[in-house]
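Along the sequence shown, the residues carry numbers beginning at 1.
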Amino acid sequence: MIRPFHLAFPVHDLAAARAFYGGTMGCAEGRSSDSWIDFDLFGHQIVAHLDPAAKPVAVENAVDGHSVPVPHFGVVLTMPDWQKLADRVAAAGVPFGIAPYVRFKGQPGEQATMFFRDPSGNALEFKAFADDAMLFAT
């Protein structure tokens, strides 16, 4: 069994982070204070830490014909969970930086992927593989 990861990241507004991660994304909320909130992101612990001056980073790298934001984080989901999340995010009106599509089609590592940002500009990528053995395929 893979152990859950922990990621702490800055947000400029805790109420907006709570609405996005708890409401839009459907993440259960854990502990919190006036300066941070724990969320359960598909079994992983992410922590939104208040930084009123937080600004998104604008670096991008080319991958499969798209400009991928760096840094970014997310989870490798099952294909059904990936589709549910894509539908949920689209229904909430969250704009996609890279709309859901299949990357590296017909090649090793073929994957469904999508990118979008939280209200503080943190970039998120969620992906899924028809065959999880392709996660590190070259």
Closest non-hydrogen atom pair between Gly109 and Ala137, with its separation =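 Closest heavy-atom pair between Gly109 and Ala137: N-CB, 3.7 Å.
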ask   = What's the shortest heavy-atom distance between Ser32 and Arg18, and which atoms?
value =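 Scanning both residues completely, I find the closest heavy atoms to be OG-NH2, 3.8 Å.
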[atom1] of [X] to [atom2] of [Y]: how many Å apart, nearest 0.5 Å?
{"X": "Asp132", "Y": "Thr78", "atom1": "CG", "atom2": "OG1", "result": "8.5 Å"}
{"X": "Ser33", "Y": "Leu14", "atom1": "OG", "atom2": "CG", "result": "7.5 Å"}
{"X": "Ile46", "Y": "His6", "atom1": "CD1", "atom2": "NE2", "result": "10.5 Å"}
{"X": "Cys27", "Y": "Leu41", "atom1": "SG", "atom2": "CG", "result": "4.5 Å"}
{"X": "Lys105", "Y": "Gln111", "atom1": "NZ", "atom2": "CD", "result": "12.5 Å"}

Within-4.5 Å side-chain heavy-atom neighbours: [X] and [Y]:
{"X": "Phe20", "Y": "Met25", "result": "yes"}
{"X": "Val94", "Y": "Thr24", "result": "yes"}
{"X": "Arg117", "Y": "Leu124", "result": "no"}
{"X": "Val68", "Y": "Glu60", "result": "no"}
{"X": "Val11", "Y": "Asp118", "result": "yes"}

query = After noting the C-alpha distance and the side-chain angles of His44 and Val75, does the key distance pass the side-chain contact (heavy atoms from CB on, under 4.5 Å) rule?
reply = CA-CA 9 Å; His44 302 282; Val75 178; 4.1 Å; yes
key: Steps toward ring-ring contact (aromatic ring centres under 6.0 Å, His included) verdict (Phe116, Phe126)   = CA-CA 9 Å; Phe116 51 91; Phe126 292 88; 5.8 Å; yes
request  = Report the relative orientation of the aromatic rings in His49 and Trp36; use parallel for angles under 30°, tilted for 30 to 60°, perpendicular for over 60°.
outcome  =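 Ring orientation, 0 to 90° scale: tilted.
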inquiry  = With a 4.5 Å cut-off on side-chain heavy-atom distances among I, L, V, M, F, W and Y, is there a chain of contacts connecting Phe9 to Leu50?
reply    =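 Same cluster.
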query = Does Ile98 share a hydrophobic cluster with Phe73, counting links as ILVMFWY side-chain heavy atoms below 4.5 Å and allowing steps through other members?
reply =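 No, it is not one cluster - the side chains of Ile98 and Phe73 are not joined through contacts under 4.5 Å.
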query = Which hydrophobic side chains are connected to Phe129, either touching it within the sub-4.5 Å cutoff or through other members that do?
reply =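 Result for Phe129 is Val76, Met134, Leu135, Phe136.
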query = Val59: which other cluster members, linking ILVMFWY side chains closer than 4.5 Å, directly or transitively?
reply =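 Members besides Val59, by chain and number: Val57, Val70.
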Ionic contact status for Lys127 with Glu110, cut-off 4.0 Å =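 Here Glu110 does not pair with Lys127 in a salt bridge, since their nearest N and O are not under 4.0 Å apart.
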request  = Run the numbers on Trp82 and Met114 for side-chain contact (heavy atoms from CB on, under 4.5 Å), then give the verdict.
outcome  = CA-CA 9 Å; Trp82 181 87; Met114 64 181 144; 3.5 Å; yes
request  = Output, in order, the C-alpha distance, side-chain angles, deciding distance and verdict of ring-ring contact (aromatic ring centres under 6.0 Å, His included) for Tyr21 and Phe42.
outcome  = CA-CA 11 Å; Tyr21 288 99; Phe42 297 97; over 10 Å; no
key: Donor-acceptor contact present, side-chain Ser120 to main-chain His12, <3.5 Å   =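 Pair found, side chain donor or acceptor close to backbone of His12.
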request  = Indicate yes or no for a side-chain donor-acceptor contact from Gln83 to the backbone of Asp81 under 3.5 Å, with no hydrogens or angles considered.
outcome  =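 The answer is no, because no donor-acceptor pair under 3.5 Å joins these two groups.
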ask   = Is the distance between the ring centroids of Phe115 and His66 less than 6.0 Å?
value =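 No.
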ask   = Partners of Gln107 by side-chain contact (heavy atoms from CB on, under 4.5 Å), sequence neighbours excluded?
value =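 Gln107 satisfies side-chain contact (heavy atoms from CB on, under 4.5 Å) with Phe104 once adjacent residues are dropped.
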